[in-house]
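Comments concern the structure below.
All figures in this text were calculated on a predicted structure; none of them were measured in a lab.
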Amino acid sequence: VQLQASGGGLVQPDGSLTLSCIASGIHLGYLAAGWFRQAPGSEREGVACISWTDGHVNYVPSVEGRFTISRDIDKKTVYLQMNMMRPEDTAVYYCATDACLPYSSTYYPSGDFGSWGQGTQVTVSS
């Protein structure tokens with residue numbers, strides 16, 4: 001599986017941005033896809049997770065109600081719609097398959113599990 005994330009950039013506080021991640025080689029044997037982020041000086045953390053099969057989603061509390069994860073099975077693409085963005089959302093965002101479990105709210109940000117794409121920089125600043 002190869003993942004390619006895109007859509008990062010500079011956005012003002014309270015603005016919106018949508019990230020995309022194309023998962024080449026993905027098939028229904030994969031369980032979930034997730035978005036992670038790593039801010040400067042911080043460890044990578046989970047953000048949102050979605051089941052490939054039934055679309056069940058999970059969000060970490062800091063983005064609940066502001067971010068929306070979705071997937072297009074035919075396009076093998078996962079999206080992260082980010083609204084009401086805050087400066088603390090500034091980070092490099094990564095997508096990954098099988099690095100999270102949406103039903104148990106479990107994230108594996110270390111990179112030891114699943115397949116990972118390259119990051120895309122998101123900066124929230126006025």
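Nearest approach of Leu80 to Ala48, heavy atoms of both residues: CD1-CB, 4.2 Å. Ala91 and Tyr93 make their closest contact through O-CD1, 3.4 Å (heavy atoms, listed as atom of the first residue, atom of the second, distance). Summarising the geometry of Arg71 relative to Ile73, their closest heavy-atom pair is NH2-CD1, 3.7 Å, with the distance given to 0.1 Å. The nearest pair of heavy atoms linking Gly65 to Met84 is O-CE, 3.6 Å.
Residues meeting the side-chain hydrogen bond (donor to acceptor under 3.5 Å, both in side chains) test with Ser51, sequence neighbours left out: Thr53, Asp54. For Arg66, the side-chain hydrogen bond (donor to acceptor under 3.5 Å, both in side chains) test picks out Asp89, with sequence neighbours left out.
Using a 4.5 Å heavy-atom cutoff, the side chains of Cys21 and Trp35 are in contact. Annotation: side chain of Trp116 is in contact with side chain of Arg44 (closest heavy-atom distance under 4.5 Å). Taking 4.5 Å as the limit, some side-chain heavy atom of Ser115 sits within range of a side-chain heavy atom of Leu3. No side-chain heavy atom of Arg37 sits under 4.5 Å from any side-chain heavy atom of Val122. Counting only heavy atoms from C-beta outward, the side chains of Val78 and Cys95 never approach each other to under 4.5 Å. Between Asp14 and Gln12 the shortest side-chain heavy-atom distance does not fall below 4.5 Å. Looking at Tyr103 and Asn58, their side chains never come closer than 4.5 Å, going by heavy atoms from C-beta outward.
Formation of a donor-acceptor pair under 3.5 Å by the Asp98 side chain with backbone atoms of Ala32 is found in this model. Checked by atom type and distance alone, the side chain of Gln118 pairs as donor or acceptor with a backbone atom of Ala5 at under 3.5 Å.
Both Val92 and Met85 are assigned to one and the same hydrophobic cluster, defined by single-linkage of ILVMFWY side chains at heavy-atom distances under 4.5 Å. Ile69 and Leu101 are assigned to two separate hydrophobic clusters, defined by single-linkage of ILVMFWY side chains at heavy-atom distances under 4.5 Å. Residues Phe36 and Ile22 fall into different hydrophobic clusters, defined by Ile, Leu, Val, Met, Phe, Trp and Tyr side chains chained together at heavy-atom separations under 4.5 Å. When the side chains of ILVMFWY residues are joined at heavy-atom separations under 4.5 Å, either directly or via intervening members, Val11 and Val63 end up in a single hydrophobic cluster. Val60 and Ile50 fall within a single hydrophobic cluster, where Ile, Leu, Val, Met, Phe, Trp and Tyr are joined by side-chain heavy atoms under 4.5 Å apart, directly or via other members.
Side-chain contact, Gln81 with Thr18: a donor N or O sits under 3.5 Å from an acceptor N or O. When only modelled atom types and interatomic distance are considered, Tyr79 and Asp72 share no side-chain donor-acceptor pair under 3.5 Å.
Within a 6.0 Å radius of CD in Gln2, other residues, nucleotides and ligands contribute 12 heavy atoms or fewer. Heavy atoms of other residues, nucleotides or ligands lying less than 6.0 angstrom from CD of Glu43 number 12 at most.
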task: Apply the test side-chain contact (heavy atoms from CB on, under 4.5 Å) to residues Leu10 and Ser125: give CA-CA distance (whole Å), side-chain angles for both, the deciding distance (0.1 Å), then the verdict.
output: CA-CA 7 Å; Leu10 174 66; Ser125 175; 4.2 Å; yes
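With Phe67 as the partner, the side-chain contact (heavy atoms from CB on, under 4.5 Å) test is satisfied by one option alone out of Asn83, Val47, Leu19: Val47.
Evaluation of the disulfide (SG to SG under 2.5 Å) test over residues 38-92, restricted to residues two or more places apart or in two chains, returns Cys49-Cys100.
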